[in-house]
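All chains are named by letter (A, B, ...) in the order of the sequence lines, taking the proteins before the strands, and each is independently numbered beginning at 1.
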Number of protein chains: 2
Amino acid sequence: MRVTTDADSPPAGRARLADVARLAGVSVGTASKALSGNGRMRPETRQRVLDAVETLGFRPNHHARTLHTGRSWTVGLVTTDGIGRFSTPVLLGAEDALGEGRISVLLCDTRGDAIREQHHLRNLMDRRVDGIIVTGRRTDPRSPLRGVEPIPTVYALSPSTDPEDMSVVSDDGNGVTLAIEHLLATGRTRIAHITGPAHHAAARDRARFTVELLAASGLEPATGRVHFGEWSEAWGRRAVEALLRTAPDTDALFCGNDQIARGAADALREKGVNVPGRVSIVGWDNWDTMALACRPPLTTIDGNLAEVGRRAALRLLDAIASRPEPGVRAVSCRLVVRESS
Amino acid sequence: MRVTTDADSPPAGRARLADVARLAGVSVGTASKALSGNGRMRPETRQRVLDAVETLGFRPNHHARTLHTGRSWTVGLVTTDGIGRFSTPVLLGAEDALGEGRISVLLCDTRGDAIREQHHLRNLMDRRVDGIIVTGRRTDPRSPLRGVEPIPTVYALSPSTDPEDMSVVSDDGNGVTLAIEHLLATGRTRIAHITGPAHHAAARDRARFTVELLAASGLEPATGRVHFGEWSEAWGRRAVEALLRTAPDTDALFCGNDQIARGAADALREKGVNVPGRVSIVGWDNWDTMALACRPPLTTIDGNLAEVGRRAALRLLDAIASRPEPGVRAVSCRLVVRESS
DNA sequence: AACAAATGAGCAATCGTTTTCCTGAAAGGA
DNA sequence: TCCTTTCAGGAAAACGATTGCTCATTTGTT
């Protein structure tokens, strides 16, 4: 209930377009046109409206506008489980790119729960979001969202299993290439690959690319096989200990993530093996708290996750402007050379 | 432009309340009342409406509702710089508590830029958010938001400098008490405190509480003073090396965060000093990748950051329901005992 | 049986913009 | 001078729900 003492008194609360119009001596419609730049009008009229906007501190009501135009200038950001180390940069990259487009982000954390996901999706549809970005912490493909048909959706980091959907991922093949070529270029040939659990796509893919790429140079992994394990420092240490026994002539370690790499570096140092003198190490993720704290600081592959988020947002904006381009796009990785190689 | 072939045909696109009403054979107003439970009506009438809702898959338009009622069921979550290790759990805790209240979260990352902050605030006001939660990555008090007067605001993690604002923080004093009492209870008396830079409130406050609490037991820090430095492992290592020279009889380290603690643990191990045999270590943050990967796993103080977020959200909900309770509330910490003590 | 009270349901105003007509008036051309 | 364009600006209909008010019916009371 807006309180006004009489018809022409200054309005209580926030100024409405009607107040602006009255002050400028024009109709509401004209005021609207003056602001949107749609209708034609005398420059001085427009200026009067603009001045009135200034004096009253008028800001248009977002919901009224959305109600009429159907565009909410909002996108839903659905994170599959928690907001972790991987989804955070994606999320920030997306928020950044969307902010440029004056679009706001509704955050939905599903905690990996399908019920909660459906719940959030209905909410997003009720709020008439212009689009949805889905991101998870793993690179394993995920099943597409259900029941959001008319709303453009982009999958970031974890691609959709449906190739007709839009997905943006980090290019693991490219990352492997950067790492292996760097090691070969610095004269290493007996390269071991230590990585995470085989049931993670990230581990499997990187391992496969590694083996293929080594084979292309007539090489094979130092121990003849890839070492799957966990994404932990402890696994890195254990793997190195085994490695020093089985293949003591190994001259480089390519690790599936920075934690494994750091564990490996620690184990080597404690065994008196010089890094990078006798063994080079390359990690993956460029996770600063690991890579920089490592002794020596880690050479590592940066998945450019913020860029993945940015690109996902840009594709979403394209799709919203109805230029749908389905398919998976991969963002190149970056090799960050530090002292471990 | 909604396309209908004739007045009574099923509507294209999403169902509106008008469609529900027509199907149920009642007026729009009655249908609305049937759903909100506000008006009185014959049970069978209500049921007809409910059935129609079901058949049409009707979901109310959020913006239309907000436009009329003024409540958007949305809160803005403003993070001061990035979304880091500290703001993430706060954010998740808040999102969780707000989700219970069927409220959505608009994410605003200011990147520490005042211009961007103002920009986001105006946006939030345009969207008529019901409330705002402000969070940062430091515990240093921050200046209150400007120009959001009528909107309830809660500061999480970094309190507002204005005591009349609502703030929720982690209780550093309590954390220090837990840590020191644990060390004393396990027989340690020559306790050193190694922490971050003195220009961080987190470092200063924890140091002050530590000195006070030791004094209360007739003790003083092992070296007679607190060691300020950085929040890094490297500083932890350096500090320990200095400590072993100046005060070799030190029997416990209380570190300002887990990174320092981990660095300290590494340095001690490498000097052949047994942990926890000869020296106990307690860290702060319970940051799993540090605390669990540490050798030995770290005893540490958990700031319960998710709970800080939850409590901030709950206070905000209270304030929205117009029960304003200004002031700073502190969330207790938790001592997580592992093998380093 | 007659009148008052309670109840069920509809009408229409409202929220604040956008946008589509539509109307005068001014300007231009013959 | 008269007729056709162009132009400025207004009136009003959306957009989709909520809610106060009104008006018939029932129901209840002597």
Side-chain angles (χ1 to χ4, degrees), chain A residues 1-4 7 11-50 52-53 56-73 125-128 130, chain B residues 1-4 7 11-50 52-53 56-73 125-128 130:
Chain A
M1 300 306 101
R2 175 174 301 273
V3 181
T4 44
R14 291 184 69 132
R16 301 155 302 168
L17 190 52
D19 303 317
V20 171
R22 191 179 323 130
L23 183 58
V26 298
S27 74
V28 183
T30 305
S32 172
K33 289 168 196 158
L35 294 185
S36 67
N38 278 341
R40 268 173 244 304
M41 65 207 313
R42 225 177 304 153
E44 64 216 61
T45 309
R46 178 186 307 277
Q47 194 53 52
R48 279 214 315 285
V49 174
L50 261 31
V53 164
L56 296 177
F58 167 79
R59 310 230 71 208
N61 181 314
H62 179 85
H63 300 282
R65 174 177 291 167
T66 294
L67 178 55
H68 190 267
T69 62
R71 270 214 61 174
S72 64
W73 297 90
M125 296 193 63
D126 292 351
R127 287 168 183 261
R128 302 298 190 273
D130 298 328
Chain B
M1 300 306 100
R2 172 174 304 272
V3 180
T4 44
R14 292 184 66 133
R16 301 155 303 166
L17 189 53
D19 304 316
V20 171
R22 190 178 325 127
L23 184 58
V26 298
S27 74
V28 182
T30 304
S32 171
K33 287 166 194 159
L35 294 184
S36 67
N38 278 340
R40 268 174 248 300
M41 64 206 315
R42 226 177 302 153
E44 64 216 64
T45 310
R46 177 187 307 276
Q47 193 54 50
R48 278 213 316 285
V49 174
L50 260 33
V53 164
L56 296 177
F58 167 79
R59 309 230 71 206
N61 182 313
H62 180 85
H63 301 281
R65 175 177 289 166
T66 295
L67 179 56
H68 189 266
T69 62
R71 271 215 59 175
S72 64
W73 298 90
M125 296 193 64
D126 292 351
R127 288 169 183 261
R128 302 297 190 274
D130 297 328

Got a donor-acceptor pair under 3.5 Å from the side chain of A:His68 to the base of C:dT17?
no

How long is the straight-line distance from OG1 of B:Thr45 back to CG of B:Leu50, given to the nearest 0.5 Å?
11.5 Å

Just the rounded figure in Å: distance from P of C:dG10 to CZ of B:Arg22.
14 Å

Touch class at under 4.0 angstrom, heavy-atom based, for B:Val28 against every strand present
base

I want to confirm an ordering. Mapping A:Leu17 and B:Ser27 to their closest nucleotides on DNA chain C, which one lands closer to the 5' end?
B:Ser27

Using the side chain to side chain contact (heavy atoms under 4.5 Å, CB included) rule, take B:Leu17 and B:Phe58 through it: C-alpha gap first, then chi angles, then the decisive distance, then the call.
CA-CA 7 Å; B:Leu17 189 53; B:Phe58 167 79; 4.0 Å; yes

Return the value, rounded to whole Å, for the distance between atom CE of A:Met41 and atom P of C:dA25.
19 Å

Could you grab the distance from atom NZ of A:Lys33 to atom CE of A:Met41, nearest 0.5 Å is fine?
8.0 Å

How long is the line joining CG of A:Leu67 and P of C:dC15, in whole Å?
14 Å

A:Arg48 CZ - D:dG9 C1' separation (whole Å)
11 Å

Would you say a side-chain N or O of B:Ser32 is under 4.0 Å from OP1 or OP2 of D:dT18?
yes

Nearest whole angstrom, please: distance from the P of C:dT17 to the CG of A:Leu56.
12 Å

Find the distance B:Lys33:NZ to D:dT18:C1' and express it as a whole number of Å.
9 Å

Is the shortest side-chain N to carboxylate O distance from B:Arg14 to A:Asp126 below 4.0 Å?
yes

For A:Thr66, report the nucleic acid contact type (base, sugar-phosphate, nothing); a contact means any heavy atom under 4.0 Å.
nothing

Measure the distance from CZ on B:Arg40 to C1' on C:dA6 and round it to the nearest whole Å.
9 Å

What is the distance, rounded to the nearest whole Å, between atom CZ of B:Arg42 and atom P of C:dG8?
8 Å

Sugar-phosphate only, base, or nothing, as touched by A:Arg59 at under 4.0 Å among non-hydrogen atoms:
sugar-phosphate

Less than 4.0 angstrom between a side-chain N/O of B:Asn38 and OP1 or OP2 of D:dT18, yes or no?
no

Closest-nucleotide 5' rank along DNA chain D - winner of B:Gly29 and B:His63:
B:His63

Choosing from D:dA17, D:dG10, C:dG10, which nucleotide comes nearest the side chain of B:Thr30?
C:dG10

Please round to the nearest 0.5 Å and tell me the distance separating atom NE2 of B:His63 and atom CZ of A:Arg127.
7.5 Å

Do the side-chain N or O atoms of B:Thr69 get closer than 4.0 angstrom to the phosphate oxygens (OP1, OP2) of C:dC15?
no

